[in-house]
Amino acid sequence: MIVSNSIIVSIYVLSAYQKKGYGKKLLNKILSECKAPYCLAVYEENRNAYRFYENFGFKVTKKGSQKNHKYLEMTIS
């Protein structure tokens, strides 16, 4: 089996621990352990998460909707 990319299914940091570097450490660990390119989805209304991933270099590659929520698919190589 050949894995051509890594799909990040879920990353969550409790609000009490946000903006303290935990998310950055967690994502850096994931990026160092998995194969590029990386793909994830974030709800469009979650602007904080969108900016977080954008700061890492993720780019929007697709827009969609699911159960009354619009999402952005983001990818980084």
Side-chain angles (χ1 to χ4, degrees):
M1 173 193 233
I2 298 173
V3 177
S4 60
N5 64 355
S6 296
I7 298 171
I8 301 168
V9 176
S10 182
I11 299 175
Y12 186 78
V13 176
L14 294 172
S15 57
Y17 298 97
Q18 292 176 4
K19 309 247 186 249
K20 296 182 180 181
Y22 296 115
K24 193 177 286 189
K25 286 181 182 180
L26 182 59
L27 188 55
N28 277 325
K29 181 66 173 172
I30 291 168
L31 297 180
S32 72
E33 296 284 330
C34 299
K35 293 185 178 194
Y38 310 96
C39 180
L40 58 83
V42 62
Y43 287 127
E44 194 170 343
E45 65 265 19
N46 191 345
R47 303 306 295 166
N48 288 337
Y50 169 78
R51 282 190 296 274
F52 174 78
Y53 295 120
E54 187 179 48
N55 287 337
F56 264 87
F58 282 85
K59 304 285 184 205
V60 175
T61 53
K62 180 180 171 184
K63 293 183 179 186
S65 63
Q66 181 182 41
K67 296 184 181 179
N68 299 324
H69 288 285
K70 292 181 180 179
Y71 68 86
L72 305 170
E73 189 173 291
M74 303 180 79
T75 305
I76 187 174
S77 296

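- Take Tyr50 and apply the ring-ring contact (aromatic ring centres under 6.0 Å, His included) test, not counting sequence neighbours, and it matches no residue.
- If you take CG on Leu27 and CG on Leu40, they are separated by 8.0 Å, rounding to the nearest 0.5 Å.
- Residues passing the salt bridge (charged side-chain N to carboxylate O under 4.0 Å, His left out) test with Lys29 are Glu33, sequence neighbours excluded.
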Distance-only donor-acceptor pairs under 3.5 Å for side chains of residues 63-77, two or more places apart:
{"from": "His69", "atom 1": "ND1", "to": "Glu45", "atom 2": "OE2", "distance (Å)": "2.6"}
{"from": "Thr75", "atom 1": "OG1", "to": "Thr61", "atom 2": "OG1", "distance (Å)": "3.2"}

Report, one line per pair, each donor and acceptor closer than 3.5 Å where one atom sits in a side chain of residues 11-20; sequence neighbours left out.
{"from": "Gln18", "atom 1": "NE2", "to": "Val13", "atom 2": "O", "distance (Å)": "2.8"}
{"from": "Lys20", "atom 1": "NZ", "to": "Ala16", "atom 2": "O", "distance (Å)": "3.2"}

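- In this structure Asn48 satisfies the side chain to side chain donor-acceptor pair (under 3.5 Å) test together with Arg51, sequence neighbours excluded.
- Under the 4.5 Å side-chain heavy-atom criterion for Ile, Leu, Val, Met, Phe, Trp and Tyr, Phe56 and Tyr22 are members of distinct hydrophobic clusters.
- Looking at every heavy atom in both residues, Phe58 comes nearest to Tyr38 through CE2-O, 3.9 Å.
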